[in-house]
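One structure is given below, encoded as structure tokens.
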Amino acid sequence: MDVDLRKLRYFVAVAQELHFGRAAARLHIAQPVLSRQIRAFEHELRAELFVRDRRSTVLTEAGRQLLADAGPLLASAEALHRRVQRAAHGRQTFTIAFMPGIIVTAEARAIARRHPDLAVGVIRTSWDDQAEVLREGRADVGFVRLPVDQRGLRLRPLFTEPRVVVLPDEHWLAGRESVVLAELVEERLLQDPDAVPEWRDLPNRPTDPEPRPRPALTSVEEKLEHVAAYAGVVILPLSTATFYTRPGVVHVPVDDLGHNQVCVAWAEDDRSPLVREFVDIAARQVRTVADPPAETG
């Protein structure tokens, strides 16, 4: 059975809002039209997706499964549309995504030299969207930092690097050569704990709920500004911490925190020869940087 992507988008809106009125407003359609489309979709799938009554809308088990699978499917369709549009309108483009602290100049220049007619571009991503830009086709390849949602993606490991804790420059740990995770147990982490699962799983962490909600910080600059203002600490890869140096903060190595893994990633349904060529370029570039030249004479 072919899945109707328009109905699938309608379903996702309702599943996220859990309210037909709000979902209809978000989709800019009338609520009765949305209700009919959802009923038709349930009929096509032969499964009930929502339990509805006058007071609430709740996902069924089938609905929860569909919601989990819908994101990658819709992103893949969007990526297909973007690739077709690029192919249909003039000069071919190739976009490289990268996370903060990762420099992609050498790889971008290498693919551009090999293909002079190729328009090579770069975009910076964040922890929140480093996978989405690839699934949605906004970038052809991306340098991502693990952990990352790997659904719909293929990854090739490139290198690892240490992680450090970034502290206010007058913090009691700021002068140390290194720290261990246990010494950070009382600190307020300003980033998504899933980005630092080792910190999240620390024993003896305070059990009281956080009196202040964690701020929604999307850039390294915002995180460092909050650290400098004594709002908390962040854990960053070493290259990110050294790239974004600024007054008011220092970074200290964390001895028992595993290294951050950097990979080159691309959409698993993208069969472009350019992608395969770029992945090989990225892998060779890492070896060139990592391996010292042989002695001569």
With Glu170 via side chain to side chain donor-acceptor pair (under 3.5 Å) - residues at least two apart: Tyr230

Could you go step by step and tell me if Arg9 and Val12 meet the side-chain contact (heavy atoms from CB on, under 4.5 Å) rule? CA-CA 5 Å; Arg9 291 188 182 94; Val12 169; 5.7 Å; no

Parallel, tilted or perpendicular: rings of Phe278 and Phe94 (30°, 60°): tilted

With a 4.5 Å cut-off on side-chain heavy atoms, are Val104 and Phe143 touching? yes

Taking only residues two or more places apart in sequence, or in another chain, which ones meet Arg276 in a side chain to side chain donor-acceptor pair (under 3.5 Å)? none

Checking Arg188 side chain against Ala231 main chain: does a donor-acceptor pair fall under 3.5 Å? yes

Write down the atom of Pro197, the atom of Asp194, and the distance for their closest heavy-atom approach. CD-O, 3.4 Å

At what distance, to the nearest 0.5 angstrom, does CG of Leu184 lie from CD1 of Ile235? 5.5 Å

Within the side chain of Thr125, is there an N or O that forms a donor-acceptor pair under 3.5 Å with the backbone of Ala97? no

Has Glu161 got a side-chain atom pairing as donor or acceptor with Ser239's backbone, closer than 3.5 angstrom? yes

Heavy-atom closest pair (Cys263 atom, Pro157 atom, distance to 0.1 Å) is SG-CA, 3.7 Å

Can you list the steps and then say if Val166 with Val233 is a side-chain contact (heavy atoms from CB on, under 4.5 Å)? CA-CA 6 Å; Val166 183; Val233 304; over 6 Å; no

Can we say Arg135 and Glu132 salt-bridge, meaning some charged N sits less than 4.0 Å from an Asp/Glu carboxylate O? yes

Ring-plane angle category for Phe50 and Phe20, please: parallel below 30°, perpendicular beyond 60°, tilted otherwise. perpendicular

Any ion pair linking Arg124 and Asp129 (charged N to carboxylate O, less than 4.0 Å)? no

Just by modelled atom types, is the Glu17 backbone N or O under 3.5 Å from a matching donor or acceptor in the Arg22 side chain? yes

Are Leu167 and Val179 close enough that some pair of their side-chain heavy atoms sits under 4.5 Å apart? no

Any Trp266 side-chain heavy atom under 4.5 Å of Leu155 side chain: no

Treating Arg145 as the side-chain partner and Trp127 as the backbone partner, does any N or O pair qualify as donor plus acceptor under 3.5 Å? no

So, taking the atom named CZ in Arg109 and the one named OG1 in Thr105, what distance separates them when rounded to the nearest 0.5 Å? 6.0 Å

Side chain to side chain donor-acceptor pair (under 3.5 Å) with Glu277: which residues, sequence neighbours excluded? Arg114, His115

Does Glu198 have any side chain to side chain donor-acceptor pair (under 3.5 Å) partners at least two apart in sequence or in another chain, and if so, which? Arg163

Counting only heavy atoms not in Arg154 (residues, nucleotides, ligands), do more than 12 fall under 6.0 Å from its CZ? no

Which atoms form the tightest heavy-atom contact between Glu107 and Ala282, and what is the distance? CG-CA, 4.0 Å

Is there side-chain contact between Thr95 and Val122, with heavy atoms separated by less than 4.5 Å? no

Quick test of your reading of the model: are Arg246 and Glu221 salt-bridged, counting only N-O distances below 4.0 Å? no

In the structure I gave you, are the side-chain heavy atoms of Leu274 and Leu118 within less than 4.5 Å of one another anywhere? yes

Spacing of Arg39 atom CZ and Glu48 atom CD [to the nearest 0.5 Å]: 12.5 Å

Would you say Gln130's side chain and Ser126's backbone share a donor-acceptor pair under 3.5 angstrom? no

Do Leu59 and Leu49 have side chains that get closer than 4.5 Å, going by heavy atoms? no

Verdict with reasoning, Leu224 to Leu236, per side-chain contact (heavy atoms from CB on, under 4.5 Å): CA-CA 10 Å; Leu224 297 184; Leu236 296 177; 4.3 Å; yes

Assigning hydrophobic clusters by single linkage (Ile, Leu, Val, Met, Phe, Trp, Tyr; side-chain heavy-atom cutoff under 4.5 Å), is Ile111 placed with Leu134? no

Same cluster for Leu173 and Val196 if Ile/Leu/Val/Met/Phe/Trp/Tyr side chains link at under 4.5 Å? yes

Look up atom OG1 in Thr240 and atom NE2 in His251, then write down how far apart they are to the nearest 0.5 Å. 10.5 Å

Compare every heavy atom of Leu27 with every heavy atom of Ala13, then report the nearest pair and how far apart it is. CB-CD1, 3.7 Å

Check: Leu181 and Val254 side chains under 4.5 Å, non-hydrogen atoms: yes

What closest approach, in Å, do Pro100 and Val220 show between heavy atoms, and which atom pair accounts for it? CB-CG2, 3.6 Å

Which atom pairs, donor and acceptor, lie under 3.5 Å between side-chain atoms of residues 28-37 and protein residues at least two apart or in another chain?
residue : atom : partner : partner atom : Å
Ser35   : OG   : Gln31   : O            : 3.2
Gln37   : OE1  : Arg6    : NH1          : 3.3

dist Asp256:CG -> Glu183:CD (nearest 0.5 Å) comes out at 9.0 Å

Please tell me if the side chains of Pro72 and Arg151 come closer than 4.5 Å, counting only heavy atoms from C-beta onward. yes

If we ignore hydrogens and angles and just use 3.5 Å, is the side chain of Asn260 paired with the main-chain N or O of Leu146 as donor and acceptor? yes

When clusters are formed by joining ILVMFWY residues with side-chain heavy atoms under 4.5 Å apart, either directly or through shared neighbours, do Phe11 and Val51 land in the same one? no

Sequence neighbours excluded, the answer for ring pair (Phe, Tyr, Trp, His ring centres under 6.0 Å) partners of Phe98 is none

Check for a donor-acceptor pair, side chain of Gln65 on one end and backbone N or O of Ala62 on the other, with a separation under 3.5 Å. no

Glu136 side chain to Val133 backbone, donor-acceptor under 3.5 Å: no

When you group the ILVMFWY residues by side-chain heavy-atom contacts below 4.5 Å and let the links chain together, are Val279 and Phe159 in the same group? yes

Over 12 foreign heavy atoms within 6.0 Å of CZ, Arg52: yes

For a quick test of reading the model, state the closest non-hydrogen atom pair linking Val164 to Ala241 and the distance between them. CG2-CB, 3.6 Å

In sequence, state the C-alpha distance, the side-chain angles, and the governing distance for Leu67 and Arg64, and then conclude on side-chain contact (heavy atoms from CB on, under 4.5 Å). CA-CA 5 Å; Leu67 181 60; Arg64 286 191 289 271; 5.7 Å; no

When hydrophobic residues are tied together by side-chain contacts of less than 4.5 Å, even through go-betweens, does Phe243 share a cluster with Val234? yes

Rounded at 0.5 Å granularity, tell me how far CD1 in Ile102 sits from CG in Leu158. 8.5 Å

